Amino acid sequence: VFAKIIGTYSDFAGRRLSVNQEVYKSEAETNQRNQAIAELMHAYGRIKDNPKQATDIYTRQCSVNVNAKDLAIMAATLANGGINPVTGKHVMDSKHVPSLLSVMAIAGLYDDSGKWLFATGLPAKSGVGGGIIAVSPGKFGIAAISPPLDQAGNSVRAQKAITDIS
């Protein structure tokens with residue numbers, strides 16, 4: 001399962017990506033909340049198999065090393081209807097891009113998603129490493145990485161940079 005995830009991430013970025021083992025180890029040692037959520041989802045039948053394995057895969061995928069260029073290419077791939085504009089590889093079926101961007105718009109910046117969407121008009125996704133990608137469908141993808149994070153878990157400076165550009 002994870003091989004498919006890292007392969008897809010790599011196709012989006014246009015280069016081979018890998019897990020940062022130090023980050024993964026740290027996250028795996030402190031993700032009790034995610035483990036509890038997975039157990040609850042398993043109890044309600046939303047996770048069908050092993051909730052510990054599901055949590056591990058989630059933690060591993062959150063620990064993939066990327067840089068600002070990788071994130072920008074990933075965002076541009078979404079803006080380009082699922083086709084990586086650098087490699088030309090068809091990474092995602094274009095019919096699924098609007099649904100993904102809709103989820104990014106309503107939940108991509110956690111509790112501040114509504115404020116972000118009002119300020120920029122762009123679907124976006126942030127990560128705990130301080131990165132944010134944003135997408136203007138059919139036009140451009142943009143990314144910025146810069147810790148520290150605000151109370152909602154989003155990069156303060158990356159939000160400012162992308163907001164100013166938008």
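These numbers come from a predicted model, not from an experiment.
Taking 4.5 Å as the limit, every side-chain heavy atom of Val86 sits out of range of all side-chain heavy atoms of Lys69. At a threshold of 4.5 Å between non-hydrogen side-chain atoms, the residues Ile5 and Thr8 do not count as touching. Here the side chains of Gln61 and Ile6 are not in contact, with every heavy-atom distance at 4.5 Å or above. Side-chain contact between Thr77 and Pro85 is present, with at least one heavy-atom pair separated by less than 4.5 Å. Met41 places a side-chain heavy atom less than 4.5 Å from the side chain of Ile37.
The structure places CD1 of Ile47 at 6.0 Å from OG1 of Thr55, a figure rounded to the nearest 0.5 Å. Here CD of Gln35 is found 13.0 Å from OH of Tyr58. Values are rounded to the nearest 0.5 Å. Atom OG1 of Thr59 sits about 7.0 Å away from atom CD of Glu27, to the nearest 0.5 Å. With values rounded to the nearest 0.5 angstrom, Asn65 atom CG is found 10.0 Å from Glu22 atom CD. Atom CG of Asn80 is separated from atom NZ of Lys139 by 14.0 Å, given to the nearest 0.5 angstrom.
Of the N and O atoms on the side chains of Gln159 and Asp150, at least one donor lies less than 3.5 Å from an acceptor on the other residue.
Considering all non-hydrogen atoms of both residues, Phe2 and Val64 come closest at CZ-CG2, 4.4 Å. Considering all non-hydrogen atoms of both residues, Gly129 and Pro147 come closest at O-CG, 3.7 Å. Closest heavy-atom contact between Ala134 and Ala75: O-CB, 3.6 Å. Of all the heavy atoms in Ile132 and Ser155, the pair that sits closest is CD1-O, 4.0 Å. Shortest non-hydrogen contact noted between Val128 and Leu149 is O-CD1, 3.5 Å. Residues Ser10 and Arg16 come closest through the heavy atom pair OG-NH1, 3.5 Å.
Annotation: Gln32, atom CD; neighbour count of heavy atoms from other residues, nucleotides and ligands within 6.0 Å is above 12. Counting heavy-atom neighbours within 6.0 Å of Arg15 CZ, excluding the residue itself, gives a total above 12.
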message: Walk me through whether Asp56 and Lys52 qualify under salt bridge (Lys or Arg N to Asp or Glu O under 4.0 Å).
response: CA-CA 6 Å; Asp56 182 68; Lys52 287 181 182 13; over 6 Å; no
field: Residues Val66, Met74; criterion side-chain contact (heavy atoms from CB on, under 4.5 Å); working and verdict
entry: CA-CA 10 Å; Val66 292; Met74 291 170 157; 4.3 Å; yes
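With hydrogens and angles ignored, the 3.5 Å screen pairs a side-chain donor or acceptor of Trp116 with a backbone N or O of Leu122. A donor-acceptor contact shorter than 3.5 Å links the side chain of Ser166 to the backbone of Thr163. Using modelled atom types, no side-chain atom of Asp164 and backbone atom of Ala161 make a donor-acceptor pair closer than 3.5 Å. Within the 3.5 Å criterion, the main-chain N or O of Ile73 finds no donor-acceptor partner in the side chain of Asn84. Looking at Asn31, its side chain never comes within 3.5 Å of a backbone N or O of Asn34 through a donor-acceptor pair.
Hydrophobic clustering (side-chain heavy atoms under 4.5 Å, transitive across Ile, Leu, Val, Met, Phe, Trp, Tyr) keeps Ile142 apart from Leu78. Note: the hydrophobic cluster containing Ile165 does not contain Phe118 (ILVMFWY, side chain heavy atoms under 4.5 Å, direct or indirect links). Note on Leu71 and Phe140: separate hydrophobic clusters, where clusters join Ile, Leu, Val, Met, Phe, Trp and Tyr whose side-chain heavy atoms are under 4.5 Å apart, directly or indirectly. Met92 and Ile83 fall into different hydrophobic clusters, where Ile, Leu, Val, Met, Phe, Trp and Tyr are joined by side-chain heavy atoms under 4.5 Å apart, directly or via other members. Val91 and Val135 fall within a single hydrophobic cluster, where Ile, Leu, Val, Met, Phe, Trp and Tyr side chains are chained together by heavy-atom contacts under 4.5 Å.
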Can you list, pair by pair, the side-chain donor-acceptor contacts under 3.5 Å of residues 94-112, counting residues two or more places apart and other chains?
from, atom 1, to, atom 2, distance (Å)
Ser102, OG, Pro98, O, 2.9
Tyr110, OH, Lys125, NZ, 3.1
Asp112, OD1, Lys115, NZ, 3.3

